[in-house]
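Following: one structure in C-alpha cells, then a few remarks.
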2 protein chains.
Amino acid sequence: MAKSTTPGNPVAARQRGVTMKDVAKHAGVSRTAVSFVLSNRENASISEETRTRINDAVQELGYRPNAGARALASRRSDWYGIVTEIVTAPFAVDIIKGAQDQAWLDRRFLLIAPSDQADAVGPNQGLEDAATEKLLEQRVEGLLYAATFHRGVHVPASANEVPTVLINCFDADGKLPSIVPDERAGGRVAVERLLQAGHTRIGVINLDPVIPAAVGRLEGAREALAVAGLELDQELVVSGYATADGGYEAACQILDRYPQKDRPTALFCLNDRMAMGAYDAIKERGLTIPGDIAVIGFDNQELIAAYLRPKLTTVALPFERMGALGVQTLNALTAGQPITADQQLVDCPLLERSSV
Amino acid sequence: MAKSTTPGNPVAARQRGVTMKDVAKHAGVSRTAVSFVLSNRENASISEETRTRINDAVQELGYRPNAGARALASRRSDWYGIVTEIVTAPFAVDIIKGAQDQAWLDRRFLLIAPSDQADAVGPNQGLEDAATEKLLEQRVEGLLYAATFHRGVHVPASANEVPTVLINCFDADGKLPSIVPDERAGGRVAVERLLQAGHTRIGVINLDPVIPAAVGRLEGAREALAVAGLELDQELVVSGYATADGGYEAACQILDRYPQKDRPTALFCLNDRMAMGAYDAIKERGLTIPGDIAVIGFDNQELIAAYLRPKLTTVALPFERMGALGVQTLNALTAGQPITADQQLVDCPLLERSSV
DNA sequence: TGCATTTAGTAACGCGCGTTACCTGCGGGA
DNA sequence: TCCCGCAGGTAACGCGCGTTACTAAATGCA
C-alpha cells in the first residue's frame, strides 16, 4: 500500500493553521517578538504594552503552537515513549496511567507503542523493534519498557540511543535501570497480617516456583514466619496454574489432606485469581471465610478482589506508582544523571477487606 | 540481528542524529536524491546504481527519518489522537488496543491522551479540553473520543477542527459520527440462547433502567421473547446496582419470590459483575448452574466471565472492533468523505461457556 | 555636551525534510 | 548541422519555529 495522497495536497490544504507570522502581523510586530513573548523569555525586552497586544492577538486568532516545528527548531521534543505489551494484555494498565499522569504533570507527552511480544525470550521481537524504531523516529527523549508481569527482558539494541527505564521488569543483561515491585516485602506483610490475626498454620497456594514473583513472595512469607519463631511447612505449599481453576485444585489438596484439627486456618494465595478458586473450594466444603479459613491474596485485581464475597484482603501491586516513578527516573536521566543499573523496589501495600 | 543499526557509532548517533545530508555526503549525491529514493517517488529518475548506493549509505549510517521534520515539510503528520477516560478506568481498554492495531496497520501513529472526566455532563471538562488542545498542537489529523460505557457526551469545541469520531459513546448534540455497540441485538441473542436451551421463564437482572445499555438490551430481550410468542414478565425484571452485591440482592429477590415450580429457570444478567453476585445467590440456595438455573451475562469481562465456576456464558461488547472501526472511519473522513452524524452499530457476539 | 548603557525591538539563520524548478549531458530524427 | 526530448540528477525554496546577532532610540552619568 503506497501513500494514497495524491499530488494535489487534497486534505492538508484545507486546513492551514494560524502561525506566529499571522499573530505578528495582526499585532503589528515582528515574528521574533511573538516568539519571545510566547516562550516567556527572561532577558527579552518587550514592553508591557506590546506584550498584551501580542497576547490579545493570540487569543483573537486562536493561535495554537505547532509542537513539531517547535521540536525541530529547539531540538527537544518533550516526548517520552513507552513500549508495552500492556495494551495487549491489560492486566497492568495502571502502569500506563501512572506514567501518563506524571508525564502530564511534567509537561511531557507520552507516546504509547504496543508490543505484541508474547514471550520474553523468543525471537519474536519484530514488533517490539518496530515500536522502538517508530518512537525514535518521533525523537522521543527517553524510553520506558513496561511488562505485564515481573520478569527479566531483553530490550532492542536501539533503545540504547536514549535514556531507558524498565518498569515491572528488569534488564536480563543487567545494564539498564528498572523499577519493580518489592515482592518480598509484600509476602512478608501478607503473612504478618495472618499471624497478627492469630493464624499459625498457613497454607500457601504458590505460582510457578521459578518466576520472580513466586520467589520473592515466598521468601517474604518465610521471613515473617521466622520472626514469629515459625517455619514454613513445605507440605503446606502447593503450586498450581495461575488461574481460578488452579487455585481451586490447590486449595482442595490442602484442605482435604488433613483431619480438621491439623488443617490450616488460613490460605496465602500468591495471586487473586487463585484466591478466587480457593473461595469456591472453601465454600464447597461448608466452611466460611474468614471464620473457618482466612484468605489473603496478592495483586489486587480490582474486578476480583473487590467483588468476591466476602471481599478479598490482598496485597496490591503498585502499578501506578511504578509508572510515575519510571517517568521521574527518566526526568533525572535526561537531565544528565548518569545511567546505572539500579533496581528500584516499590512497596506493595496491604489492602484490608473482609477475608481475614 | 543482521540489521546493524547501531553498532557503527552509537554515541555519535545520540549526540546529533544522522540526517539526510549525512547520507547524501556519504553516498556522494545530493540531498534531494536521497529524499527521492527514500520516499520512493515514482517519476523520479534515479539510476539503479545510485539508488543502491544511497540505500547502502542509509544502512551504514543508521539513518532514521525525523518524523517531526517530515510532518512539517509535508504538512501531514500521519497521527491520530484519542481522548479517553479509559486510561483512568480501564474497563474498555480493548478500544485502545483495537484502534492502535488498526492505526499501526495503516502506518499511522495513535497519540493517547487521558481524560479524567468522571461524569459526562458536569462542567469538569478542564482536563478533557486540555487533552484535546494538546493533541491539536501535535497536529493530529483526526480525533477519537472513547468512553468506558455507552452514553451521550459533549466534546470540546476545538474538536471540530479535524475529523472526529466517537467510540462507545455518541454526540449529545447529534453532529458527529459515532460507533456504538448494538445493545439490542446483544439482548436478543442472549435471550434467544436461553430460549433455545428450553427456558421460557426468564428472570432479568437489570441495570439502571435509563442508561442506553439497559434500554437496548432489554428491548432486545423483549424482541426475542416476542418471536417465540412470549412476553416479558415485568415482575421478573429487577434492577440493582451494577455490582456483584447488586446482582446478589436482585437474584435473591427473584429466586425467593416464587415457589419452586414458578421460579424462573434462567437469569439474564445485564452485566457480568451482577452475574457474579447472582452465582453466589444461586449456590447459596443449593442450586446448580446451569442444571437448576441457567445464567447468561453481558460485557464479557474476562477476569470474571472466564474465571467464574462454571465459566460464564455471556455477550461480548466488541470493544476491539469498535476501536478499529473508529480508525477506519477516520481514514475515510480524512480522505475527504463528508462528515455525517451516522451511528454505526457493532454486533455483540455471544460467547458460549458453561453457564447455560 | 559626550559617551556608555539600557530598552525595545527586528533581520536573518538553521532545524530536517518535501517539493518544484531547473540544469546537464547524450542519443536520435530531420 | 541543429534541435528536441529524456534520463539523471541538483539548486533552492519554504514548512513553523527557536535563537543569535544586530540596530535604533531612550536614558544615565560625568
Side-chain angles (χ1 to χ4, degrees), chain A residues 2-3 5-10 12-13 15-54 57-58 61-78 136-139 141, chain B residues 13 15-54 58 61-78 136-139 141:
Chain A
K3 298 196 175 170
T5 20
T6 37
N9 264 1
Q15 191 210 9
R16 49 179 248 284
V18 179
T19 75
M20 275 196 179
K21 211 160 86 183
D22 303 326
V23 174
K25 189 154 58 175
H26 193 85
V29 297
S30 72
R31 199 187 53 70
T32 308
V34 178
S35 176
F36 283 176
V37 168
L38 289 187
S39 53
N40 256 326
R41 244 170 175 272
E42 301 199 346
N43 44 357
S45 45
I46 305 280
S47 73
E48 204 49 46
E49 192 234 320
T50 63
R51 187 181 300 273
T52 61
R53 219 168 59 241
I54 289 175
V58 165
L61 297 184
Y63 168 75
R64 185 175 5 245
N66 181 320
R70 172 178 291 178
L72 184 57
S74 68
R75 259 151 289 180
R76 41 186 321 244
S77 64
D78 286 340
L136 289 174
E137 284 184 9
Q138 317 292 334
R139 296 301 187 267
E141 294 178 12
Chain B
Q15 280 175 353
R16 61 195 81 157
V18 179
T19 75
M20 276 197 178
K21 210 160 87 181
D22 303 325
V23 174
K25 188 153 61 171
H26 192 86
V29 297
S30 73
R31 199 187 53 73
T32 308
V34 177
S35 175
F36 283 176
V37 167
L38 288 187
S39 54
N40 257 327
R41 258 174 100 93
E42 301 200 345
N43 45 358
S45 49
I46 305 280
S47 74
E48 204 48 50
E49 194 232 320
T50 62
R51 187 181 300 272
T52 61
R53 221 168 58 240
I54 289 174
V58 165
L61 297 184
Y63 168 75
R64 179 167 21 234
N66 181 321
R70 173 178 292 175
L72 184 57
S74 67
R75 260 152 289 178
R76 39 187 322 246
S77 64
D78 286 340
L136 289 173
E137 284 184 9
Q138 316 293 330
R139 295 302 187 265
E141 294 178 11

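Chain letters run A, B, ... following the sequence lines, proteins first and then strands; every chain starts at 1. Note that the coordinates shown come from a computational prediction; the quantities given were computed from them, not determined experimentally.
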Legend entry - Position toward the 5' end of DNA chain D (nearest nucleotide), T19(A) or R51(B): R51(B)

Legend entry - Proximal nucleotide (of dG9(C), dC17(D), dC15(D)) relative to the I46(A) side chain: dG9(C)

Inset, instruction - Provide, to the nearest angstrom, the distance between the CZ atom belonging to R41(B) and the C1' atom belonging to dA7(D). - result: 15 Å

Legend entry - Presence of R70(A) side-chain N/O under 4.0 Å of dG18(D) phosphate oxygens OP1/OP2: yes

Legend entry - Nearest-0.5 Å distance that lies between atom CG in L72(B) and atom CG in N66(A): 6.0 Å

Inset, instruction - For L72(B), report the nucleic acid contact type (base, sugar-phosphate, nothing); a contact means any heavy atom under 4.0 Å. - result: base

Legend entry - Sub-4.5 Å side-chain heavy-atom contact between Y63(B) and L38(B): yes

Inset, instruction - May I ask you to verify if any side-chain N or O of S74(B) is less than 4.0 angstrom from the OP1 or OP2 atom of dC15(D)? - result: no

Inset, instruction - Measure from the side chain of T50(B), starting at C-beta and using heavy atoms only, and say which of dC17(C), dG16(D), dG9(D) lies closest. - result: dG9(D)

Legend entry - Interatomic distance, R75(A) CZ vs dC13(C) P [rounded to whole Å]: 16 Å

Legend entry - Rounded interatomic separation in angstrom, taking CG from N66(A) and C1' from dG16(D): 6 Å

Inset, instruction - With the side chain counted from C-beta on, respond yes when R70(A) and D78(A) share a heavy-atom pair under 4.5 Å apart, and no when they do not. - result: no

Inset, instruction - Would you mind reading off the distance between E49(B) atom CD and dG9(D) atom C1', rounded to a whole angstrom? - result: 13 Å

Inset, instruction - Starting from C1' on dG9(D), measure out to CD on E48(B) and report it in whole angstrom. - result: 15 Å

Inset, instruction - Identify which nucleotide among dG16(C), dC17(D), dT10(D) has an atom closest to any side-chain atom of A73(B), counting heavy atoms from C-beta outward. - result: dG16(C)

Inset, instruction - Ignoring backbone atoms, establish whether S35(A) has a side-chain N or O less than 4.0 Å from OP1 or OP2 of dC17(D). - result: no

Inset, instruction - Check if the side chain of S45(A) and the base of dA8(C) share a donor-acceptor pair of N or O atoms closer than 3.5 Å. - result: yes

Legend entry - N40(A) CG to R51(A) CZ distance, which is reported to the nearest 0.5 Å: 7.0 Å

Inset, instruction - Would you mind reading off the distance between K21(A) atom NZ and dA12(C) atom C1', rounded to a whole angstrom? - result: 14 Å

Legend entry - Pairwise side-chain contact, Q138(A) with S77(A), heavy-atom cut-off 4.5 Å (strictly under): no

Inset, instruction - Answer with base, sugar-phosphate or nothing: what part of the nucleic acid does S39(A) contact at a heavy-atom distance below 4.0 Å? - result: nothing

Inset, instruction - Just compare dG9(D), dT10(D), dC17(C) and give me whichever is closest to any side-chain atom of S30(B). - result: dT10(D)

Legend entry - Contact check, side chains of R53(A) and T50(A), non-hydrogen atoms, under 4.5 Å: yes

Inset, instruction - Starting from P on dC17(D), measure out to CD on Q138(B) and report it in whole angstrom. - result: 13 Å

Legend entry - Distance, rounded to the nearest Å, where L38(A) contributes CG and dC17(D) contributes P: 9 Å

Inset, instruction - Hey, which sits more toward the 5' end of DNA chain D by its nearest nucleotide, F36(A) or T32(B)? - result: T32(B)

Legend entry - Check: dG18(C) base within 3.5 Å donor-acceptor of R31(B) side chain: yes

